[in-house]
Amino acid sequence: MGLQLPRGTFAWVLAVVAGAAVLALVAVLLNLGPFKEAELTRGELIARGDEICRKAHDAFTNLQDGPPRTASQAAELTTQLADIAGDEVDQIRALNGPPEFDAEIERYLAARERGIAFLRSGHDAAQARDTEAYVKSQAELARTQRERQRIARRIGFAECSRPIGG
């Protein structure tokens, strides 16, 4: 004979185990508790951030080997660029750097998110075949490039927000 549990105990044990598994998964996903990544040093933060940005920059460059020829190509391109930039922002935000960099990192990421918004509005304009709005969104993206780069340099990043071709 095996172990006999009182009626309903198995369901209760199963619920507790499932609840613990869900809590552990949440802790891993949110980078909490024993699953929290160790705090990076300033140098590690800059190196990891620059690596993330270098990969995103390379992906941007590869996608822009030639200008889009149609509105649908422009819409697709801006969607891909916005997705790459969004992933870059998420990866940098997940870095656990020294607390003294938190405010500047958030300032940089907010500037990147504003740039992503220009990409998204460019996508919408291309979808609507509104050339004037598309050009305007691209111009705003370019106009705000220097500010994103300035914030990145203040943190210490060399790769982040580096202009394409620069």
Side-chain angles (χ1 to χ4, degrees), residues 25-32 35-166:
L25 180 61
V26 168
V28 168
L29 292 174
L30 296 178
N31 201 21
L32 301 172
F35 303 103
K36 184 173 174 117
E37 184 179 320
E39 184 177 295
L40 301 172
T41 66
R42 177 183 188 275
E44 291 168 333
L45 171 71
I46 291 168
R48 300 250 320 257
D50 268 343
E51 179 62 17
I52 291 165
C53 293
R54 186 194 57 73
K55 288 178 181 176
H57 189 273
D58 290 349
F60 263 60
T61 301
N62 290 338
L63 282 173
Q64 297 183 79
D65 58 356
R69 295 187 180 143
T70 66
S72 63
Q73 287 177 346
E76 178 61 26
L77 175 62
T78 54
T79 295
Q80 291 174 329
L81 295 175
D83 290 347
I84 291 166
D87 290 345
E88 177 188 26
V89 165
D90 291 343
Q91 290 176 40
I92 292 172
R93 184 168 275 126
L95 296 176
N96 185 26
E100 61 267 19
F101 284 95
D102 288 350
E104 204 64 29
I105 292 285
E106 280 307 312
R107 196 171 357 273
Y108 174 67
L109 296 177
R112 289 293 287 138
E113 288 169 339
R114 287 189 297 275
I116 293 168
F118 291 130
L119 285 169
R120 300 256 186 242
S121 67
H123 168 267
D124 295 345
Q127 285 285 91
R129 298 192 180 333
D130 185 343
T131 305
E132 184 178 330
Y134 181 80
V135 169
K136 182 179 177 184
S137 71
Q138 296 300 303
E140 282 299 306
L141 181 63
R143 185 187 64 74
T144 59
Q145 173 69 33
R146 182 169 289 171
E147 176 66 10
R148 288 188 299 279
Q149 188 177 26
R150 186 182 61 75
I151 297 168
R153 296 304 171 269
R154 204 166 47 226
I155 294 166
F157 294 139
E159 296 292 323
C160 296
S161 289
R162 182 170 50 98
I164 298 295

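Both backbone and side-chain heavy atoms feed into the values below; hydrogens, waters and symmetry mates do not.
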* Asked: Would Ile151 and Ser161 count as a side chain to side chain contact (heavy atoms under 4.5 Å, CB included) if you check the C-alpha gap in whole Å, the side-chain angles of each, and the deciding distance to 0.1 Å?
  -> CA-CA 9 Å; Ile151 297 168; Ser161 289; over 6 Å; no
* To do: Look only at the side chain of Glu147 and the backbone of Thr144, and say whether a donor-acceptor pair between them is shorter than 3.5 Å.
  => no
* Asked: When rounded to the nearest 0.5 angstrom, what distance separates CD1 in Ile116 from CG in Leu141?
  -> 10.0 Å
* Lys/Arg-Asp/Glu bridge criterion (N-O < 4.0 Å) met for Asp50, Arg54 -> no
* Nearest heavy-atom pair of Gly122 and Tyr134: which atoms, and what distance? -> O-CD1, 3.2 Å
* Structure fact -> Arg114 meets the side-chain contact (heavy atoms from CB on, under 4.5 Å) criterion, sequence neighbours left out, with Ala110, Ala111
* If you look at every heavy atom in Pro68 and Ala74, which pair is closest and at what distance? -> CB-N, 3.5 Å
* Once you round to the nearest 0.5 Å, how far does NZ of Lys136 lie from CZ of Phe118? -> 9.5 Å
* Asked: Are any of the side-chain nitrogens in Lys55 or Glu51 under 4.0 Å away from the carboxylate oxygens of its partner?
  -> yes
* Shortest non-hydrogen contact between Ala56 and Glu88, atoms and distance -> CB-CD, 3.8 Å
* Structure fact -> Rounded to the nearest 0.5 Å, the CZ atom of Arg107 sits from the CZ atom of Phe101 at a distance of 12.5 Å
* About how many Å separate CZ of Phe157 and CG of Leu45, when rounded to the nearest 0.5 Å? -> 5.0 Å
* Asked: Looking only at heavy atoms, what is the nearest atom pair of Ser72 and Arg129, with distance?
  -> N-NH1, 4.1 Å
* Give a yes or no on this: more than 12 heavy atoms of other residues, nucleotides or ligands lie within 6.0 Å of atom CD of Glu100. => yes
* Structure fact -> Between Asp102 and Gly97 the two heavy atoms that sit nearest each other are OD1-O, 4.3 Å
* To do: Show your working on side chain to side chain donor-acceptor pair (under 3.5 Å) between Gln145 and Arg148 and close with a plain yes or no.
  => CA-CA 5 Å; Gln145 173 69 33; Arg148 288 188 299 279; 3.1 Å; yes
* Asked: After noting the C-alpha distance and the side-chain angles of Val135 and Glu132, does the key distance pass the side chain to side chain contact (heavy atoms under 4.5 Å, CB included) rule?
  -> CA-CA 5 Å; Val135 169; Glu132 184 178 330; over 6 Å; no
* Structure fact -> Separation between CD (Gln127) and OG1 (Thr78), nearest 0.5 Å, reads 8.0 Å
* To do: May I have all residue pairs that pass salt bridge (charged side-chain N to carboxylate O under 4.0 Å, His left out) and include part of residues 65-85, sequence neighbours excluded?
  => Asp83-Arg120
* Taking atom CZ of Arg93 as the centre, does the number of heavy atoms from other residues, nucleotides or ligands within less than 6.0 Å exceed 12? -> yes
* Asked: Looking at CZ of Arg150 and CD1 of Ile155, how far apart are the two atoms once the value is rounded to the nearest 0.5 Å?
  -> 10.5 Å
* Identify whether the distance between the nearest side-chain nitrogen and carboxylate oxygen of Arg162 and Glu159 falls below 4.0 Å. => yes
* Given Leu81, Asp124, Ile84, the one that forms side-chain contact (heavy atoms from CB on, under 4.5 Å) with Leu119 -> Leu81
* Check: Cys160 main-chain N/O paired with Arg153 side-chain donor or acceptor under 3.5 Å -> yes
